[in-house]
Amino acid sequence: MESKLDLFEAHATSSAQPLAYRMRPRTLDEYIGQEHIVGEGRLLRRAIKADQLSSVIFYGPPGTGKTTLARVIANTTKSHFSTLNAVLSGVSELRKEITDAKERLALYGKKTILFVDEVHRWNKSQQDALLPWVENGTFILIGATTENPFFEVNAALVSRSRIFQLKSLTDTDLEKIGHQALTDKERGYGNYAVSFEAGAFEHLVKVAKGDARSLLNALQLAVETSVEPFPPPVGTKIYISKDAAEQSIQQKAVLYDKEGDYHFDVISAFIKSLRGSDPDAALYWLAKMIDAGEDPRFIFRRMLISAAEDVGLADPRAIQVVEADAAAFDRIGMPEGRFHLGHAALYLATCLKSNTTLSLFDALATVREEKQADEVPNHLRDASRDSKGFGHGEGYLYPHAYKDHWVAQQYLPTSLQGKVFYTPGNLGYEAEVRDRVLSHREAQLEATQTDAFPENLTYSPGDKARQQWLSRTTSERGRLIELTKQLLYQNLHFTRSDRVLVLGAGHGLLLWEAFRKTPEGYVCAQVQTKEQLDHITHYASTLDKVLRPFVAMDSKEHFLATLDPALKFEKIIGRNIFNKFEETEQLLPLLKGKLAAGGVMAFAQTVPGEGSRLSDFVTDNSKLQALLKQAEQVIFKHDQSGLSGWNDQDLSAAFTEKGLYCTAKAIDQSELRHVLQSDIARWISGTYAEAWHCAGIEIDLEAVTKELVTYIADKNLKWNHHILILESATKKENLLKSQDKNKNTDEWQEVHKKTH
């Protein structure tokens, strides 16, 4: 068994120990890198600080800080911390830890955190021995592994743990780690004046390739072999030449194990590049596999799958090309066979795409969900065996006997009439057959519809059916908000660890969407009323405290001003957050200050002056319409004041004036709004009355209200909304990165069509 002192002895700083060991961070503040999981506000950081850690598995390449992060937790937690190394420890060592943990919990009420390094090295029986004690709370498990835990760790353990993926450190991270070691007087080389020849330090960072341990080992070798004897007197100048740096770190071997994660990651990247029609990326990943000695037959097998799955009927020749290349490779072999690998890859990467073959799986799902097997329709049954006794095959229409070798008849079981599995694509061969397939389907449905009764839409006053119909109509507001949410989110790319700020969260529509997309991140939200706060809090109460989003009832300005200054957000989202145009003057600088480097803001803002007005609905009463328009000239006057005196350009310009890059797309949507007499009375006695007063027009408000009631009260009006979708960032490139490059103007227009 490896002792705790071996891995976590915090006070040992002997110069005889490796620099990488001595420089291991002791606290979160000393920890460099992995910002996506331990950055300010992230879930793991909050859990560590609150000492509320649940079982976790750290997964990532060597040298990314898995064991170091466990060391930080050991220095932070009040629980007892035990360690095992799966390479050196077996079931007997685990049993001892279990016994000690049970006694600790029973006698002192103290929890035990068990850190298992290289947890994937344990076999199934060893992992199974640990499972019940994790399940009943005897242990909180921290596992560390370089292999994908979903494949290499017991599924039951994985399901009871939160997985945190650590990534290779960036060059910036490695530079910080290197400078930390060079300036630390207690554990590093801060007592000496270490300097580098131009490019020497950068070479160490570059060749380390994201591995902090590799960098620190090379740095130790470079420093301690550049002066004799070592250690020299305090203050000694140590100069590291580029040659010494190159000698201290060797080029790392290609990381490619045919049974390891990288093998599957590279083939995945290759297939996704083919699917994404990127020939350059496809050739790069193909070259990576060829250079590493991947079996060409394995590559061809995956391309044959892609030809059917990703290209499909958009180009039916694709599978023929790949099959021909595979056959040619079998005859020719390597190295000339590389031409055929490249030929097949380039064909798949450059041809049109369709994944409609996946419709088979929709059909499979339908079959498996059937409570009982549907009988084959009589006219489709085999008439060659028992047509005389049972009439099988009777009524079947032979397509070749008809014009164009086709006739409308039903081929699905009766219970599935009208069921659609296959929707033809719009590209290549499928585009050629699309109209024919759809017209045939429509004709078949028409030919087989019998005993169909139209919906009865008549009703009497007070009739229950009428009330249900009205409810469906007024519920269009929910549909409108849902569509707005889709438009707001469709161009935003989230990572699992993003920090998201939601302004005007309402009852949680935007908040919970962000929460689902950022399971290792942080969601912070502002609401305006206690009712909204109570609504969100009720749903959040089912979550562990450390997982819950932070929600506060406050004004937007005060909420932003009082947030932790160190807390920045990768995404800031809001709907109708500018109640008045003047609010942009104060809100935009506050929002800009809360945006993380590379962050993006997205807002959906209704522009009142561009939507429906009351005068739109009284077109056959010119006198009443003229009165309403007089008020509306004041209400919607373009002066950037109040609720309505501004337009799309004003809002976009406000972002630009505050140093923010901004893209804006205007979307017109409509809803059926059921207008009540109380609505009309409120509008006329409030906004319209004030406007008439400002214009110096005397109005009999009661008479106007009564007349307007006769026109639009208790009716369903098609009410138009003009919504501006704004995306903004401090740098133009951040804005471009966030937007889905597959989205284009045509698709926005398509969304626009669907909203009507």
Side-chain angles (χ1 to χ4, degrees), residues 15 17-25 30-36 58-69 117-118 144-147 165-184 187-190 192-228 230 237-258 260-263 265-266 269 280-281 283-294:
S15 60
Q17 294 172 330
L19 177 65
Y21 180 86
R22 302 199 306 268
M23 291 305 302
R24 274 182 175 166
E30 290 181 354
Y31 194 92
I32 296 172
Q34 310 305 337
E35 166 73 15
H36 64 290
F58 297 141
Y59 157 50
T64 50
K66 300 182 293 296
T67 304
T68 298
L69 197 49
D117 201 12
E118 304 289 344
T145 175
T146 56
E147 298 295 330
Q165 183 175 5
L166 282 72
K167 302 175 182 176
S168 294
L169 299 175
T170 65
D171 285 355
T172 301
D173 293 332
L174 291 182
E175 287 172 4
K176 290 179 181 178
I177 291 169
H179 286 302
Q180 185 184 62
L182 292 170
T183 56
D184 191 305
R187 300 175 296 162
Y189 302 119
Y192 315 113
V194 181
S195 62
F196 293 81
E197 182 183 351
F201 182 74
E202 291 76 9
H203 176 77
L204 294 178
V205 169
K206 180 181 178 181
V207 179
K209 291 186 178 179
D211 188 331
R213 187 183 300 113
S214 177
L215 172 69
L216 291 173
N217 288 340
L219 190 61
Q220 181 177 13
L221 188 60
V223 170
E224 297 186 9
T225 59
S226 294
V227 61
E228 286 190 18
F230 193 90
K237 293 182 178 180
I238 301 176
Y239 178 75
I240 300 174
S241 66
K242 193 170 183 180
D243 181 65
E246 291 172 349
Q247 294 296 323
S248 299
I249 188 167
Q250 300 298 318
Q251 188 72 32
K252 296 174 74 174
V254 176
L255 180 62
Y256 198 91
D257 175 3
K258 292 184 183 179
D261 281 348
Y262 198 68
H263 160 76
D265 288 343
V266 170
D280 299 309
L283 289 176
Y284 171 80
W285 295 115
L286 177 61
K288 197 92 167 174
M289 291 186 288
I290 292 172
D291 189 57
E294 182 61 82

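Not measured: the values here are computed from a predicted model. Basis for what follows: all heavy atoms, side chains included, without hydrogens, waters or symmetry-related copies.
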> Give, for atom CE of M23 and atom CZ of R213, the distance between the pair rounded to the nearest 0.5 Å.
14.5 Å

> Are any of the side-chain heavy atoms of I32 and P25 separated by less than 4.5 Å?
no

> Any chance you could measure Q180, atom CD, to D184, atom CG, to the nearest 0.5 Å?
6.5 Å

> Donor-acceptor check, side chain of R22 to backbone of Q17, threshold 3.5 angstrom: yes or no?
yes

> What closest approach, in Å, do L215 and G178 show between heavy atoms, and which atom pair accounts for it?
CD2-N, 4.1 Å

> My understanding is that only residues two or more places apart in sequence, or in another chain, count here; which of them pass side-chain contact (heavy atoms from CB on, under 4.5 Å) with Q165?
Y59

> For A212, what residues pass the side-chain contact (heavy atoms from CB on, under 4.5 Å) criterion, not counting sequence neighbours?
L169, L174, I177

> Looking only at side chains, do T170 and D173 share a donor and an acceptor under 3.5 Å apart?
yes

> How long is the span from the OG1 atom in T68 to the OH atom in Y31, to the nearest 0.5 Å?
6.0 Å

> Nearest 0.5 angstrom please: I290 CD1 to L283 CG, how far?
9.0 Å

> Does T64 reach the side chain of K66, with side-chain heavy atoms less than 4.5 Å apart?
yes

> On a heavy-atom basis, which atom in T146 and which in P61 lie closest, and how many Å separate them?
CG2-C, 4.4 Å

> Can you tell me how far the NZ atom of K288 sits from the OH atom of Y284, to the nearest 0.5 Å?
3.5 Å

> Determine all donor-acceptor pairs shorter than 3.5 Å in which one atom belongs to a side chain in residues 193-202; sequence neighbours excluded.
from	atom 1	to	atom 2	distance (Å)
E197	OE1	K242	N	2.7
E202	OE1	G199	N	3.4

> Within the side chain of Y189, is there an N or O that forms a donor-acceptor pair under 3.5 Å with the backbone of I238?
no

> Quick one: are K209 and S214 in side-chain contact, heavy atoms under 4.5 Å?
no

> Which heavy-atom pair separates Q34 from K167 by the least distance, and what is that distance?
NE2-O, 2.6 Å

> Restricting to non-hydrogen atoms, name the atom on A245 and the atom on L204 that form the minimum distance, rounded to 0.1 Å.
O-CD2, 3.5 Å

> As an exercise, state the distance from CZ of R187 to CD of E30, rounded to the nearest 0.5 Å.
5.0 Å

> Considering non-hydrogen atoms only, spot the tightest contact between G65 and L166 and give its length.
C-CD2, 3.7 Å

> Between A181 and L219, which heavy-atom pair has the shortest distance, and what is it?
CB-CD2, 4.1 Å

